[in-house]
Amino acid sequence: MPPLCCTDRPEPGLIHNPVRAITQYATADLIDGIAYGGHDPGDDPAWATTGAPSQSAYARWCRHMCGIACLRMALWHRDGQAPSLFELLNGARHYGAYIRQGQEIKGLIYEPFVRYVRDTHALAGEVHPDLDLLGLGELLDAGRLVMASVSKEIRRPDRAPQRRGGHLVLAIGRSEDTIVLRNPSGHTPQARAAVMDMEQFEPFFSGRGISLNLRRTVERRPAKTEAARPVASQPTT
């Protein structure tokens, strides 16, 4: 049975095409070198395409934007367009979804991020701090996209991960035994648009994430800046 993606269940208001893979880095072809070849991620000739105000700002933030890239994929799928990575990042920071402590960046933080996507993009989101594979599958069957917390090494699923979580990928659909992912730090086209056995996916999955309901429009609310504490993702390469 082929994997079912969210677009296999047509609904008014959705763009009926596959969710496009968007990376957290300006140049997707550089990701292999960044992850495994020691390439400086800030040394990217296309940095300005992300909306970054400077190359130094891009270098500072690009490792932290896996969740922002997931959001951009979701908005592009719903609307046929989306703000730049840095426009989305600035909005999320305004809500406290990222916190800078000296040179350290904490985030993506789930609760303020969900408030941000609701208030700014009229996108219904829900935090799932305790999510098993059955629950993940039920969310996908209901047509939601899920920002799932996984090990960054999910891009090489034949290797056992050293940890669970720390990186966010966008789960877009499943069949009985497989899951369909979009990985913002995938180092190959196949890793960026991956189909994995659920059994293979499980060791990488931390059991938490954020679901996005593209079929439900919520009322925008006045901006808030209060931040919650649990941190979902770490800098990823």
Side-chain angles (χ1 to χ4, degrees), residues 19-110 112-123 125 145 147 149-150 152 155 166-170 182-189 191-193 210 212 223-225 227 231-237:
V19 177
R20 64 178 294 181
I22 292 175
T23 65
Q24 67 193 84
Y25 299 101
T27 303
D29 289 344
L30 292 178
I31 296 176
D32 183 65
I34 293 168
Y36 304 116
H39 184 86
D40 180 356
D43 183 18
D44 190 322
W47 64 268
T49 63
T50 65
S54 66
Q55 189 166 6
S56 61
Y58 172 78
R60 183 182 308 118
W61 284 98
C62 62
R63 292 181 184 270
H64 300 268
M65 293 204 294
C66 51
I68 296 299
C70 288
L71 172 60
R72 191 163 192 255
M73 286 187 257
L75 293 175
W76 200 292
H77 185 64
R78 185 188 69 177
D79 302 333
Q81 59 184 355
S84 70
L85 287 171
F86 267 77
E87 185 175 345
L88 295 173
L89 173 66
N90 291 337
R93 290 183 64 190
H94 178 71
Y95 272 73
Y98 291 89
I99 300 172
R100 288 194 65 180
Q101 297 178 341
Q103 295 301 310
E104 185 178 1
I105 297 172
K106 293 186 177 295
L108 188 145
I109 306 172
Y110 287 6
F113 178 80
V114 167
R115 291 197 297 273
Y116 162 61
V117 300
R118 176 197 66 201
D119 294 353
T120 305
H121 302 289
L123 178 57
L145 305 180
M147 294 169 55
S149 175
V150 300
K152 65 183 180 181
R155 61 185 159 224
H167 176 58
L168 289 166
V169 297
L170 190 67
R182 297 290 183 263
N183 185 353
S185 70
H187 66 307
T188 65
R192 290 189 283 275
I210 300 168
L212 302 173
K224 296 181 180 180
T225 57
V231 175
S233 58
Q234 303 297 324
T236 54
T237 55

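Heavy atoms only: backbone and side chains are in, while hydrogens, waters and symmetry mates are out.
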Sorted by chain and number, sequence neighbours left out, side chain to side chain donor-acceptor pair (under 3.5 Å) with Ser84 holds for none

Short question: side chain of Arg182, backbone of Val19 - any donor-acceptor pair under 3.5 Å? yes

Nearest heavy-atom neighbours spanning Arg100 and Ile105: CG-CG1, 4.1 Å

Of the non-hydrogen atoms in Ala26 and Thr49, which two are nearest, and what is the gap between them? CB-OG1, 4.0 Å

So Asn183 and His167, side-chain contact (heavy atoms from CB on, under 4.5 Å) or not? Walk me through it. CA-CA 9 Å; Asn183 185 353; His167 176 58; 2.8 Å; yes

Would you call Leu123 and Leu71 a side-chain contact if the rule is heavy atoms closer than 4.5 Å? yes

Got a sec, which residues hit side-chain contact (heavy atoms from CB on, under 4.5 Å) with Pro53, two or more places apart in sequence or on another chain? Ala57, Phe86

Search all heavy atoms of Tyr25 against all heavy atoms of Ser185 and return the closest pair with its distance. CE1-CB, 4.3 Å

Quick check: do Val117 and Ile210 have side-chain heavy atoms less than 4.5 Å from each other? no

Taking the side chain as C-beta and beyond, is there a heavy-atom pair between Leu89 and Trp61 under 4.5 Å? yes

Is a side-chain N or O of Tyr98 found less than 3.5 angstrom from the main chain of His64, in a donor-acceptor match? yes

Non-hydrogen side-chain atoms of Leu168 and Ser149 separated by less than 4.5 Å: yes

Separation of Ile99 CD1 from Lys106 NZ (nearest 0.5 Å): 8.5 Å

Considering all heavy atoms, the nearest Ala52-Tyr58 contact: CB-CB, 3.8 Å

Minimum heavy-atom separation for Arg192 to Gly186, with atom names? NH1-O, 2.9 Å

List the atom of Leu85, the atom of Gln24, and the distance in Å for their closest heavy-atom pair. CD1-O, 4.0 Å

Check whether any side-chain N or O of Arg72 sits under 3.5 Å from a backbone N or O of Pro83 as a donor-acceptor pair, and report yes or no. yes

For residues 35-44, tabulate all N or O donor-acceptor pairs below 3.5 Å that involve a side-chain atom, not counting sequence neighbours.
unit_1	atom_1	unit_2	atom_2	d
Tyr36	OH	Glu153	OE1	3.0
Tyr36	OH	Glu153	OE2	3.2
Tyr36	OH	Arg155	NE	2.7
Tyr36	OH	Arg156	NE	3.1
His39	NE2	Asp43	O	3.0
Asp40	OD1	Gly42	N	2.9
Asp44	OD1	Thr27	OG1	2.6
Asp44	OD1	Ala46	N	2.9
Asp44	OD2	Thr27	N	3.0
Asp44	OD2	Thr27	OG1	3.3

For Tyr116, all residues meeting ring-ring contact (aromatic ring centres under 6.0 Å, His included), sequence neighbours excluded: Tyr95, His121

Would you call Arg78 and Leu212 a side-chain contact if the rule is heavy atoms closer than 4.5 Å? no

